[in-house]
Every structure is written in structure tokens, then in C-alpha cells.
Protein chains: 2
Amino acid sequence: MPNIKDIAKAANTSKSTVSRYLNGYTVKPATAKAIAKAIEELGYHPNANAKGLVLNKTNIIGIVLDNITNNFYAGMLAGIESITRKFNYSCVYYSCLSSQKKENEFLNLIYEGRVDGLILGTFSVRNIEDVKELRELKDSVVIIGDNADNKDITSIDIDNEEGIAEMVCYLYSLGHRRIAYLSGPKDINAAIAREKGYIQGLMKCGILYDPNLVIKSDWTFEGGYDAVKKVLGKIDFTAIVGSNDYSAYGALRSIQDAGLNVPGDVSVTGFDDIDIAAFSQPPMTTIRQPFFDVGRRAAMELLDKIDNKAQCYSRIILKPTMIERESCRAII
Amino acid sequence: MPNIKDIAKAANTSKSTVSRYLNGYTVKPATAKAIAKAIEELGYHPNANAKGLVLNKTNIIGIVLDNITNNFYAGMLAGIESITRKFNYSCVYYSCLSSQKKENEFLNLIYEGRVDGLILGTFSVRNIEDVKELRELKDSVVIIGDNADNKDITSIDIDNEEGIAEMVCYLYSLGHRRIAYLSGPKDINAAIAREKGYIQGLMKCGILYDPNLVIKSDWTFEGGYDAVKKVLGKIDFTAIVGSNDYSAYGALRSIQDAGLNVPGDVSVTGFDDIDIAAFSQPPMTTIRQPFFDVGRRAAMELLDKIDNKAQCYSRIILKPTMIERESCRAII
DNA sequence: CAGATATTTAGGAACGTTCCCATTCTGTTA
DNA sequence: TAACAGAATGGGAACGTTCCTAAATATCTG
């Protein structure tokens with residue numbers, strides 16, 4: 001593989017001049033032409049490691065996701081790259097799931113000079129040990145997800161609480177009074193926030209909180225299915241607020257399998273607006289998270305830290321949107 | 001950030017010795033201890049760019065996908081990383097979709113020394129120009145998908161043709177004789193192969209090919225829905241072989257919306273075995289692609305090229321598996 | 001056309017590693 | 001204790017860039 005010296009020789013000039021040409025500084029037109037020709041003919045590609053070594057800069061940001069093949073993240077990635085593209089950065093992705101590594105193991109990428117910064121996009125809870133490591137790198141890291149406890153690390157999150165609360169109030173406005181809640185995993189911050197939102201919503205509407213109406217589940221289809229199957233007919237409700245779409249669909253199928261109708265007998269709502277939500281039978285009323293914006297903002301904050309050495313902390317919370325479809329009906 | 005010289009100084013030795021320690025060569029126990037202490041105290045991390053520069057090696061392979069958030073790829077990635085982990089390589093992912101770049105633009109990553117090799121996992125058709133570029137890098141690239149025309153670039157693919165043919169024969173064995181085919185996009189190799197498989201299957205069973213039974217569609221839910229809606233009642237069939245799951249689900253919903261029953265009135269089959277296939281109503285009979293193995297084999301081939309400088313070309317075709325569920329019934 | 005100024009260029013240090021080669025240290029044996 | 005072998009170490013070139021400084025060349029001005 002030819003290097004910059006080979007190009008210089010071929011173009012009858014020096015490596016400094018070639019370097020200047022490559023980096024957009026002025027070079028005499030004739031020299032420029034010769035260099036361009038040499039590059040073309042020899043098939044020259046600048047070595048990224050050498051460049052990274054001397055500049056201590058890669059123009060790459062890494063994005064760590066628990067499972068990169070989760071369609072859930074598509075909008076977020078598009079949002080991130082819409083910004084990085086503009087500022088001439090590249091994105092590389094790392095998957096905790098398939099690599100069997102945890103999020104923090106990727107922090108080394110910064111120390112090693114492989115990336116200029118990292119977006120930690122797993123939405124996961126962070127323990128004290130993890131946060132200690134993070135804090136050391138707070139000028140090159142942005143967190144997506146709940147970070148309320150660590151005021152000095154920039155984070156972007158969605159207002160999960162508000163989303164669910166709004167959904168509860170919506171069902172209230174349709175006349176529902178016995179509104180059940182299908183809970184999520186208790187070790188995920190977003191799930192905790194959503195459950196808070198349920199209680200918040202009830203309070204807003206003046207409904208008394210009944211712990212029996214909280215149906216314990218996880219965020220899977222099967223989990224939702226089984227959980228609802230267990231309580232159907234035993235506890236009385238006219239609506240179920242799901243804490244995500246998958247489990248809401250499990251609930252829906254459970255209800256249908258019991259010979260009941262959605263929304264005729266029970267109204268069901270979800271959270272996430274997954275791609276099939278618009279096409280299911282019935283189409284699901286759910287909450288759409290502003291993923292594109294989450295990604296955009298995360299990238300903006302990160303590049304700002306990297307390029308402008310912005311040292312200031314920010315915590316950005318974006319509001320989700322309710323999408324009204326046909327899985328709920330008014331009670332007269 | 002401390003470098004190897006700082007560690008040497010702190011440990012009262014030379015950078016050569018520290019380097020030797022880091023790379024697992026013998027060092028006097030006392031020296032080793034001092035070095036370890038210095039590394040710990042100063043928080044040393046070897047610089048990847050310097051290392052990459054001198055070794056001309058990164059121990060990283062890149063994986064290019066059209067859309068990394070496609071769950072379709074999950075098994076493949078797990079398969080890839082199961083191998084790379086074993087051989088001490090890391091994986092980084094690149095997404096054509098969100099970066100708005102095409103597959104070939106990522107080839108530069110090799111020239112620039114950012115990765116040791118690339119798995120091109122987009123399953124896409126390649127034109128002559130693209131293949132020319134690829135051929136130059138054939139010792140550092142493995143293609144996933146159809147590559148029958150380029151015998152000198154290693155590729156891994158799934159036997160799409162055989163899969164569909166088997167499905168046709170399965171329906172034949174259930175007594176079906178008027179078997180329709182819901183086609184896919186005509187510019188994707190896998191879709192072309194599947195359509196060939198349909199004809200192949202008919203031939204095997206001794207059914208005459210009737211072009212009217214090929215329902216033109218794409219691989220989307222809506223596409224399948226509309227295409228089947230258009231022909232329902234106009235052409236006569238007892239089964240539809242879908243060329244992927246999404247469109248098969250579109251067909252299924254179309255049939256149900258027309259007041260017909262699946263599998264009572266029409267049998268429907270899919271291809272891909274997406275995650276909801278087991279939970280839908282009815283559960284979908286479909287074809288599962290051996291994604292984990294595709295990933296495994298791709299990684300094995302690539303690392304073999306990189307580390308052992310294996311120059312030999314191979315084209316590996318893996319067989320898919322039919323998963324029998326409840327969307328088909330026997331005609332007596 | 002000489003001198004002054006502006007533009008363009010070449011040389012070389014630096015970035016942080018690895019690894020070759022020469023040197024020093026350690027321990028054994030006669 | 002001298003001689004030696006083997007283990008452990010240190011020095012320095014090399015990797016391919018960037019960028020500073022100084023030199024060379026081109027352009028302008030009176």
C-alpha cells in the first residue's frame with residue numbers, strides 16, 4: 001500500500017505538500033494536479049492510524065446498544081447520523097448482546113483513542129461502580145436513558161412518567177374507572193418511571209390507586225399473555241394500560257383467546273408504537289417516543305463536548321406523543 | 001493520558017520492558033509487579049492508533065448491514081461474534097441505512113487500516129462496478145448473499161430456492177394443487193432465487209406452472225395485503241406460498257378481512273420465521289434460515305483469510321429449515 | 001530590474017507503540 | 001573466583017501522518 005511519501009515522490013514534491021493538498025490547504029495548481037494524478041494512479045488511501053496518532057482525533061463516535069438489531073433504535077440511529085453527517089463524523093456501533101459484553105467495557109474505546117466519544121444508548125440502570133468509571137469520561141460521553149442521580153453526566157431521556165399518566169387520563173376521559181396496569185421489568189429505569197406514571201395518572205384523575213390492578217409482567221409477548229390470562233375474570237377492569245407494546249399485544253391476544261373482544265370488552269393500550277401497531281387487529285393505541293430527536297440531541301450534545309470542549313452538564317427530557325387508534329372504546 | 005514511557009519511568013524500567021510485559025513476554029517477577037502497579041496507579045491504556053500503525057493490524061472486523069436495527073440479523077451477529085470472540089477479535093457495525101451510504105463506501109475502512117477485514121452482510125445485488133472494487137480486496141472481505149457470478153470472492157448464502165421448493169412440495173403433500181406464490185422485489189437476489197424455487201417445487205411435484213398464480217408483491221405487510229386483496233375471488237387457489245413473513249402476514253390479514261379462514265379456506269406460508277410467527281393467529285408455517293451458522297461461517301472464512309492468508313475462494317450454501325405450524329391444512 | 005513581499009515548498013520532529021540488537025545482570029560450573 | 005550461558009533489559013529505528021520552521025520561489029512595486 002502506497003504512503004504519502006510514495007505519492008510525493010511520484011508527484012515530484014514533498015510529503016508536506018501532499019499532506020497540505022490532502023487537508024485542503026493551498027497548493028500550486030500544477031502541483032495539485034500532479035498529486036491528484038499520483039493518488040489516482042497509485043490508489044492511495046491515508047492511513048487512519050497514523051493520522052489518529054498524531055492528531056489524537058478520529059472523527060468517529062461510537063454508539064453502544066444492548067441489542068443493535070432492535071428495531072426500536074432505528075429512529076434514534078437515524079437521528080444520531082443526521083447530526084454526525086453534518087459535522088463530518090462517522091458512526092460505529094457496538095452491540096452488548098451479541099458480544100456478550102457490558103456497556104462499560106466499551107469505555108476503553110475512548111482511552112485507547114479508537115473513538116472521540118461514545119453515546120451509551122442502552123437505556124439501562126447504572127450502578128455506582130459503573131457511574132464512577134463514567135464520570136471520569138464525562139467529557140466524551142452522553143447517556144441515553146434515566147440518569148437523574150448523576151447530575152454531572154449529560155443525558156437525554158424520554159418522559160416515560162408523563163406518557164403513561166397521559167394515557168391513564170385518556171382512558172378516564174373515555175369513561176374508564178377500573179384501569180389496570182401491566183407492569184414491566186422492575187430493574188429498568190424506564191419501567192419504573194412508567195409505573196410511577198400510572199399512579200400519577202390515577203391521582204390526576206382522582207381515581208384511588210388499587211394495587212390489585214397492577215398486573216406484574218415483563219416486556220415480552222409471552223409475559224403479557226400469561227400475566228393477563230392469570231387475572232382475567234378474577235379481577236375486574238375495563239382497560240389495561242400496557243407498559244410496552246409487546247406485552248400489550250400479549251394481553252390483547254390473551255383477552256381474545258378468552259373469547260372477549262378488544263376494545264368491545266376491554267380497552268388495551270401500549271407504549272413504543274412498534275411497526276406493527278398500526279396494522280394489528282385492532283390497531284393499537286399507544287405512545288410514540290421521539291426517537292429521532294433523542295438521537296439528534298444526543299449527537300449534538302456529544303459533538304459539542306468533543307469539539308467545543310463544552311464542559312457543562314445537561315439533562316434533556318423529551319415528551320412522547322400519544323397515538324390514538326382503535327384498541328380503546330368509550331364507556332357510556 | 002499516560003503513555004508507555006510514563007509507565008516505564010514510574011516502574012523504573014524501560015518502555016521495551018513494559019511493552020514486553022503488556023504483550024505477555026517474560027519479565028522478571030519483581031519488574032512485572034512494579035509495572036502492574038504503575039499501570040494501575042496511572043490508569044494506563046495502550047494507544048490503539050500507535051499499535052495499529054506499527055503492527056498494521058487492528059484485530060477488528062467490520063460488519064456492514066443495510067439496516068442494523070433489523071432483527072432479521074440478530075442470529076447472524078451472534079454467530080459472527082461467537083467466532084470473533086474466540087479468536088480475540090472485536091466487531092464494529094456499520095449501517096448503510098442510517099448513514100445514507102452504500103455498501104461499497106465502507107471498503108475504505110480496510111485501506112485506511114481501521115479494520116482488518118469486512119463482512120458485507122446486506123444480501124444485496126452487486127453491480128459490475130461494485131464487484132471490481134470488491135475483487136481488489138478479496139483477501140479481506142466475505143460476502144453474505146448471492147455471489148454466484150463472482151467466483152473469486154468468498155461468500156456465504158442460504159439456499160432460498162430449495163427452501164421454497166420444499167414448501168411447495170409440503171403443500172402438495174397436504175393435497176394442495178392450486179398453489180399461488182406471493183412474489184418479492186425483483187431486484188433482490190434472494191427474491192429471485194425464491195421465485196425460481198417456486199417453479200422448481202411445482203416441477204418436482206408434477207404441477208403445471210400457471211403464471212396467473214404468481215401474485216406480484218414486495219416484502220412488506222401492506223404490499224402483501226393489497227396484492228392478495230386484488231386477486232381474492234378472481235383467481236382460484238387453496239394455498240399461498242409467501243416469499244417472506246411480512247408479506248405472508250399481509251396476505252393472511254387480507255384473507256381474514258375478506259371473511260375467509262386461514263387455514264380453513266386458504267393455507268398460507270411464510271419465509272424467515274420472524275419472532276411473532278410462533279404467536280400469531282394462526283401461528284405461521286414458515287422457513288427458518290440458519291442465520292447463526294451463516295454468521296459463524298462468514299466469520300470463520302474471514303479470519304482464515306486474515307490470519308492464515310488463505311487465498312482460496314469458497315462459496316458456502318446453507319440449507320434452511322421448514323417450521324410446521326398451523327397456517328396450513330390438509331385437503332382431503 | 002532590484003528589492004520587497006507574498007506564496008509555495010522541503011525538511012524534520014513528534015505522536016505512542018513494537019521489535020531487533022546489543023548490553024547488562026544472574027546464576028552455574030569448573 | 002573466573003568463565004560462561006542464559007535470562008532480562010535498554011536503546012533506537014520504524015510505522016505514516018501532521019505541522020512548525022526555514023528556505024525557495026513567484027509576484028509585485030517603483
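Keep in mind it's a predicted model, so treat the numbers as computed, not measured. Below, chain A is the first sequence line, B the second, and so on; all start at residue 1.
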Every protein N/O lying under 3.5 Å from an N/O of nucleotides 11-14 of chain C:
residue: C:dG11; atom: N7; partner: A:Ser16; partner atom: OG; Å: 2.9
residue: C:dG11; atom: O6; partner: A:Ser16; partner atom: OG; Å: 2.9
residue: C:dG12; atom: N7; partner: A:Lys15; partner atom: NZ; Å: 2.8
residue: C:dG12; atom: O6; partner: A:Lys15; partner atom: NZ; Å: 2.8
residue: C:dG12; atom: O6; partner: A:Ser16; partner atom: OG; Å: 3.4

Between [N] ([atom2]) and [X] ([atom1]): distance, integer Å:
| X | N | atom1 | atom2 | answer |
| --- | --- | --- | --- | --- |
| B:Asn59 | C:dT18 | CG | P | 13 Å |
| A:Ile7 | D:dG16 | CD1 | P | 12 Å |
| B:Tyr111 | D:dG16 | OH | C1' | 18 Å |
| B:Asn56 | D:dT17 | CG | P | 11 Å |
| B:Lys9 | D:dG10 | NZ | C1' | 15 Å |
| B:Lys5 | D:dG10 | NZ | C1' | 12 Å |
| B:Lys51 | D:dT17 | NZ | P | 21 Å |
| B:Lys57 | D:dG16 | NZ | P | 17 Å |

Donor on one side chain, acceptor on other, A:Glu103 and A:Thr122, under 3.5 Å: yes
Polar contact flag, side-chain donor to acceptor under 3.5 angstrom, B:Glu136-B:Tyr111: yes
Near-strand residues of residues 22-41 of chain A, defined as heavy-atom separation under 4.0 angstrom from DNA chain C: A:Thr26, A:Val27, A:Lys28, A:Thr31
Contact list for residues 26-42 of chain A, test side chain to side chain donor-acceptor pair (under 3.5 Å), sequence neighbours left out: none
Sequence neighbours excluded, every pair satisfying side chain to side chain donor-acceptor pair (under 3.5 Å) that has a member inside residues 61-70 of chain B: B:Asp66-B:Tyr73, B:Asn67-B:Thr69
So, using side chain to side chain contact (heavy atoms under 4.5 Å, CB included) as the criterion, who are the partners of [X] when residues are at least two apart?
| X | value |
| --- | --- |
| A:Asn49 | A:Asn47, B:Asn49, B:Leu53, B:Thr58 |
| B:Ala32 | B:Tyr21, B:Val27 |
| A:Asn3 | A:Lys5, A:Asp6 |
| B:Ala190 | B:Asn160, B:Ile188, B:Arg194, B:Trp219 |

With B:Asp139 via side chain to side chain donor-acceptor pair (under 3.5 Å) - residues at least two apart: none
All side chain to side chain donor-acceptor pair (under 3.5 Å) counterparts of B:Tyr44, not counting sequence neighbours: none
Hey, is the side chain of [X] poking within less than 4.0 Å of OP1 or OP2 on [N], counting only N and O atoms?
| X | N | answer |
| --- | --- | --- |
| A:Asn3 | D:dG16 | yes |
| B:Tyr44 | C:dT17 | yes |
| A:Thr13 | C:dT9 | no |

Pairs meeting criterion salt bridge (Lys or Arg N to Asp or Glu O under 4.0 Å) with involvement of residues 76-99 of chain B, two or more places apart: none
Angle between terminal axes - the helix from C:dC1-D:dG30 to C:dA30-D:dT1, 5 pairs each end, rounded to 10°: 40°
B:Lys101 to B:Phe106 six-membered ring, cation-pi geometry met (6.0 Å, 45°): yes
Sugar-phosphate only, base, or nothing, as touched by B:Leu53 at under 4.0 Å among non-hydrogen atoms: base
Touch class at under 4.0 angstrom, heavy-atom based, for B:Tyr21 against every strand present: nothing
